[in-house]
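Here the structure is laid out as structure tokens; the discussion comes afterwards.
Labels below follow one simple rule: chain letters A, B, ... track the order of the sequence lines, proteins then strands, and each chain is numbered from 1.
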Amino acid sequence: MSTPGNQNTPAIAPATPSDFIRDIVAKHVEEKKYPRIHTRFPPEPNGYLHIGHAKSICLNFGIAREFGGICNLRMDDTNPTKEDVEYVDSITEDVNWLISGWADDRLGFKPSGKTPDAVTSAGKPDFYLGHVVPKNAPGAKLEPFYASDYFDQICEFAIRLIRKGKAYVCDLSPADTDAYRGSPDRPGKDSPFRNRSVEESLDLFSRMKNGEYPDAARTLRAKIDMASPNIWMRDPVLYRIRHSEHHHTGNRWCIYPMYDFAHCLSDYIEGITHSICTLEFEVHRPLYDWILQSLDLPRPLPKQYEFAKLIPSHTIVSKRKLIQLVNDHAVTGWDDPRMPTISGMRRRGVPAATLRRFATEVGVTKFISLTDMAVFEHIIRDDLNKIALRRLAVLRPLKVVITNYPEGSTEELDAVNNPEDPNAGTRTIPFSRTLFIERDDFMETPPPKYFRLRPGGEVRLKYAYIIKCDEVVKDAGGAIAELRCTADLDSKSGGPAANRKIKGTIHWVSAPDAIDAEVRLYDRLFTAAEPDAGGDFKSSLNPHSLEVVTAKCEPSLKAAKPDLRYQFERLGYFVLDKDAQLSTGNPRLIFNRTLTLKDTWAKEARKELAR
RNA sequence: UGCCCGAUGGUGUAACGGUAGCACAGCAGACUCUGGAUCUGUUUGUCAUGGUUCAAAUCCAUGUCGGGCAGCCA
């Protein structure tokens with residue numbers, strides 16, 4: 001047991017994550033292997049960031065903040081045909097949102113437009129691009145890093161490799177390059193251009209760069225080993241010809257470096273120490289090391305470490321398929337609240353801190369696993385329960401008249417804003433003779449253990465009176481139109497008969513005071529745990545992933561704020577959508593349901609049904 | 001039938017040669033002016049076979065199963 005005076009054993013230990021990568025970094029810190037820990041998050045701007053990227057962001061920025069380092073956001077933009085500024089903008093926004101208030105001070109920036117300096121390190125020529133953090137450069141225009149800012153240097157490194165006889169220009173067609181590569185269980189064979197002279201390769205490479213050849217006419221290749229058991233060591237392509245405009249470098253280049261060549265060099269140029277990526281790059285690591293070691297570089301080389309990416313259940317995370325959902329209008333866009341994108345989850349109402357908590361709690365291993373969405377949903381509920389302001393709203397209204405409550409009379413009742421947080425205070429809600437309750441909260445012929453309203457039965461109206469249902473009024477079609485009830489006027493919360501034992505408590509709003517709001521009821525996008533498993537992921541799209549209703553809300557919601565989270569009591573967690581119009585005197589409210597409260601009654605009903 | 005990586009309850013993760021723990025899910029109960037939250041109890045696990053050792057989830061060997069790699073994608 002800890003005592004208040006004992007600082008060495010705090011009652012609540014800070015949740016410091018630990019995993020095999022952090023263990024390695026910690027060891028390096030202890031050994032003083034690097035002057036400073038430097039990581040990077042390197043997305044390709046060809047799609048929106050999703051929950052899997054969130055894990056990577058939290059890992060890389062988490063390590064930077066835990067070990068006093070820096071983490072660069074770098075656009076890995078070496079393929080102009082797939083990339084777009086729309087994506088660099090969304091990526092920048094999403095990363096900033098996710099780390100805001102947590103690791104902003106660890107985010108590396110560079111002055112806008114800056115490219116690497118030619119410097120001398122340990123007596124050798126070198127390229128280095130320092131970083132800044134915003135507090136170092138007040139007033140300067142800063143931006144994230146771009147691999148495409150290093151094209152000059154990467155090109156220079158390519159020339160050095162040719163000079164060393166470690167790279168050559170190859171005239172093989174794409175199909176022949178494929179054929180010569182062999183297969184995993186069969187060695188490849190040497191390109192006929194492999195032993196061309198350094199001078200000829202130098203000349204050809206410079207002509208490639210000058211645009212003398214069409215796309216795919218030639219490549220620059222590393223000269224390693226066509227018989228290597230590792231496919232990526234079989235003279236991999238380093239540069240290809242692509243006469244395409246690049247979103248960041250315009251028309252300055254018609255040759256572009258491949259990922260393997262650009263990535264390790266970008267890491268080196270930025271002074272990265274730990275280059276953390278996902279498992280599929282494990283087989284590329286020998287090439288990563290080969291390139292850097294072949295160049296006789298004067299500064300410490302970055303090292304690559306791999307971990308298993310996050311695979312969440314009940315959704316998909318493949319960029320190609322996510323794009324398909326957007327293009328096919330299965331969702332309204334990349335930021336549709338049902339999407340597993342960071343922008344979608346943000347719009348859904350998931351706080352950044354909650355996403356971070358999830359990304360950290362799932363852990364970092366090399367074991368490829370399916371993470372149950374229920375874990376994420378539990379964390380969202382747990383966090384939102386602590387911060388959400390309680391409000392009363394009725395999604396599917398049923399009119400109730402309290403026949404013994406005087407016509408025209410009203411009163412203001414006290415209601416607490418958050419029972420989990422006394423500091424959240426209280427508010428008042430109006431009560432009157434006509435109310436709305438949830439249609440689900442009344443049943444004419446209820447099953448056993450139903451303890452809401454029924455004919456002749458009693459129920460507590462939250463913060464108000466106990467009412468008894470005297471009469472069910474139906475319309476011409478036989479549908480329930482309204483309930484006529486009497487209230488026990490002594491049973492008001494805080495009143496003389498307030499403590500009468502009543503099994504059920506339901507939410508309500510005063511009809512004349514209620515305000516309308518559009519409420520978007522979101523649910524999981526897919527019904528299958530692994531939508532990808534069966535082949536056609538669209539066959540498990542959840543047809544009920546969105547239902548839109550017009551809800552009756554308590555009047556205080558007129559002042560709802562976009563950055564606050566709400567719990568509509570007994571219904572779930574809600575957040576204002578960006579489509580809502582709040583500035584007018586008569587606001588148009590739109591709420592998104594982040595998540596339902598856990599509903600054990602639904603489980604009871606299922607059991608009932610099974611009998 | 002090449003090379004690389006992995007395997008701990010239903011799911012995810014910890015234990016770093018010394019009592020297999022935590023979370024989610026499940027089940028049972030208590031409490032509740034939210035059928036939420038909270039609280040209590042509880043079912044279920046070291047891939048297999050050998051070896052090293054006083055002692056193995058952990059080290060070694062072999063096997064089994066799963067994943068990755070044959071883009072001029074990243």
Side-chain angles (χ1 to χ4, degrees), chain A residues 18-20 23 42-44 46 76-79 81-83 170 172-174 177-179 181-188 215-221 228-234 236-242 255-256 258-260 262-263 277-286 306 308 313 319 361-379 381-382 385-386 390 392 416 419-420 449-452 459-464 466 491 493-494 498-500 502-507 529 567-573 596-604:
Chain A
S18 164
D19 55 66
F20 77 98
D23 287 349
E44 183 186 19
N46 68 345
D76 205 1
D77 55 350
T78 56
N79 185 356
T81 62
K82 294 194 171 180
E83 298 152 7
C170 179
L172 248 27
S173 69
T177 307
D178 254 12
R181 184 161 32 232
S183 61
D185 56 349
R186 189 165 39 83
D215 287 3
R218 287 182 226 266
T219 56
L220 180 73
R221 292 230 253 163
S228 170
N230 183 337
I231 300 250
W232 293 101
M233 298 299 271
R234 319 240 263 231
V237 171
L238 265 23
Y239 260 99
R240 78 287 215 179
I241 302 172
R242 275 254 217 290
I255 57 170
Y256 292 93
M258 297 288 291
Y259 163 83
D260 287 297
H263 203 91
C277 62
T278 49
L279 249 26
E280 61 265 35
F281 294 101
E282 214 160 15
V283 286
H284 293 241
R285 194 184 339 132
E306 310 87 11
S313 75
K319 275 185 193 169
E361 286 189 12
V362 292
V364 179
T365 67
K366 298 186 78 162
F367 178 56
I368 298 166
S369 57
L370 216 219
T371 299
D372 196 333
M373 261 304 185
V375 175
F376 189 31
E377 292 172 347
H378 171 264
I379 290 175
R381 288 191 178 99
D382 191 47
N385 179 48
K386 290 174 204 143
R390 272 57 171 178
L392 300 186
V416 303
E420 307 286 326
K449 284 196 196 160
Y450 181 89
F451 42 85
R452 289 171 267 174
V459 77
R460 153 77 61 187
L461 294 177
K462 178 93 179 174
Y463 297 126
I466 294 168
S491 69
S493 300
N499 292 328
R500 259 177 66 200
I502 290 289
K503 196 77 172 135
T505 299
I506 64 173
H507 58 279
Q567 185 199 99
F568 293 172
E569 294 217 31
R570 302 209 307 132
L571 297 173
Y573 296 101
T596 57
L597 258 25
K598 188 188 286 177
D599 186 3
T600 52
W601 168 251
K603 200 171 62 193
E604 287 293 325

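- Among the nucleotides rG68(B), rC72(B), rG35(B), the one closest to the side chain of V237(A) is rC72(B).
- rA56(B) and rC24(B) have their C1' atoms separated by 29 Å, given to the nearest Å.
- Between rA57(B) and rA48(B), the distance separating the two P atoms is 11 Å to the nearest Å.
- Heavy-atom minimum distance, G494(A) versus A498(A): N-CB, 3.6 Å.
- Put simply, R242(A) has no side-chain N or O that comes within less than 4.0 Å of OP1 or OP2 on rG71(B).
- Between the side chain of E306(A) and the base of rG68(B), no donor-acceptor pair under 3.5 Å is found.
- Close to rA74(B), at under 4.0 Å from its OP1 or OP2, lies a side-chain N or O of T78(A).
- Ring planes of H263(A) and Y259(A): tilted class, angle from 30 to 60°.
- Of all heavy-atom pairs between S18(A) and D23(A), the closest is OG-OD1, 3.8 Å.
- Nucleotides rU46(B) and rU58(B) place their C1' atoms 10 Å apart, quoted to the nearest Å.
- In this structure, rG41(B) shows a glycosidic angle more than 90 degrees from zero, which is the anti conformation.
- On the P atoms, rG41(B) is 15 Å away from rG21(B), given to the nearest whole Å.
- Atom pair R381(A):CZ and rA37(B):P shows a separation of 8 Å (rounding to whole Å applied).
- At rA37(B), none of the side-chain N or O atoms of K386(A) fall inside 4.0 Å of OP1 or OP2 (strictly under the cut-off).
- A close approach under 4.0 Å does occur between a side-chain nitrogen or oxygen of K598(A) and OP1 or OP2 of rA37(B).
- Checking each of N79(A), D215(A), L220(A) against R240(A) for a side-chain contact (heavy atoms from CB on, under 4.5 Å) leaves exactly one that passes, namely N79(A).
- Taking the side chain of L597(A) as heavy atoms from C-beta on, and the options rG35(B), rA74(B), rU34(B), the nearest nucleotide is rU34(B).
- Contact annotation: R181(A) does not reach the phosphate of rC69(B) (side-chain N/O to OP1 or OP2, under 4.0 Å).
- Heavy atoms of other residues, nucleotides or ligands lying less than 6.0 angstrom from CG of N499(A) number 12 at most.
- E44(A) comes within 4.0 angstrom of the backbone, heavy atoms only, and of no base.
- Only the C1' atoms considered, rG71(B) is 25 Å distant from rG66(B), to the nearest whole Å.
- Nearest heavy-atom pair, I231(A) versus S183(A), reported as atom, atom and distance to 0.1 Å: CD1-C, 3.9 Å.
- Nucleotide rC72(B) holds its C1' atom 11 Å from the CG atom of L172(A), rounded to whole Å.
- If you take CZ of F20(A) and P of rG12(B), they are 17 Å apart, rounded to a whole angstrom.
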* What string of B, S and - do you get for nucleotides 1-6 of chain B, 5' to 3', when a contact is any protein heavy atom under 4.0 Å? -> -BS-SS
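- When the nucleotides rC24(B), rA74(B), rG36(B) are ranked by their closest atom to the side chain of H378(A), rC24(B) comes out on top.
- Note: CZ (F281(A)) to P (rG71(B)) measures 15 Å, nearest angstrom.
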* Asked: How far apart are the C-alpha atoms of L279(A) and I368(A), what are their side-chain angles, what is the distance that settles it, and do they pass the side chain to side chain contact (heavy atoms under 4.5 Å, CB included) test?
  -> CA-CA 9 Å; L279(A) 249 26; I368(A) 298 166; 3.8 Å; yes
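- When base pairs are accepted only as Watson-Crick or G-U wobble with both N-N or N-O distances under 3.5 Å, RNA chain B takes part in stems of 3 or more pairs at B:2-7 with B:64-69, B:10-13 with B:21-24, B:26-30 with B:38-42, B:47-51 with B:59-63.
- Taking the charged nitrogens against the carboxylate oxygens, E44(A) and K82(A) have no contact shorter than 4.0 Å, which rules out a salt bridge.
- Rounded to whole angstrom, the span from the CD atom of E280(A) across to the C1' atom of rG68(B) amounts to 8 Å.
- Residue H507(A) is out of contact with every strand shown, counting any heavy-atom pair closer than 4.0 Å.
- The base of rU34(B) sits with one of its N or O atoms less than 3.5 Å from a complementary donor or acceptor on the side chain of Q567(A).
- Counting all heavy atoms, side chain and backbone alike, R234(A) lies closest to R221(A) at O-NH1, 3.8 Å.
- For the P atom pair drawn from rA23(B) and rA30(B), the interatomic distance equals 23 Å after rounding to whole Å.
- Residue contacts for D23(A): at a heavy-atom cut-off of 4.0 Å it reaches a base atom on one of the strands shown.
- For D260(A) and rC69(B), the CG to P distance is 13 Å, given to the nearest whole Å.
- Across the interface with RNA chain B, nearest-nucleotide mapping of D382(A) and T365(A) shows T365(A) to be the residue nearer the 5′ end.
- Look at CE on M373(A): it is 15 Å from P on rA25(B), rounded to the nearest Å.
- R460(A) places none of its side-chain heavy atoms less than 4.5 Å from the side chain of K462(A).
- Here the closest heavy-atom approach between residue R390(A) and residue V416(A) is recorded as CB-O, 4.1 Å.
- Looking at which nucleotide of RNA chain B each of A374(A) and V364(A) is closest to, the 5′-most match is held by V364(A).
- Here the nucleotide nearest the side chain of R570(A), chosen from rG35(B), rA74(B), rU13(B), is rG35(B).
- Listed here is the closest heavy atom pair of N46(A) and E83(A): CB-CG, 4.4 Å.
- Only the C1' atoms considered, rA14(B) is 26 Å distant from rU52(B), to the nearest whole Å.
- In this structure, E361(A) places its CD atom 9 Å from P of rC24(B), rounding to the nearest Å.
- T177(A) comes within 4.0 angstrom of a base, heavy atoms only.
- Nucleotides rU13(B) and rA25(B) have their C1' atoms positioned 14 Å apart, rounded to a whole Å.
- Residue contacts shown for P419(A) include a base, since a base heavy atom lies under 4.0 Å away.
- Counting any heavy atom pair closer than 4.0 Å across all strands shown, Y256(A) reaches no nucleic acid atom.
- In this structure, L370(A) reaches the sugar-phosphate backbone alone: every heavy-atom distance under 4.0 Å involves primed, P, OP1 or OP2 atoms, never a base.
- The closest donor-acceptor contact from the side chain of S491(A) to the backbone of I466(A) lies under 3.5 Å.
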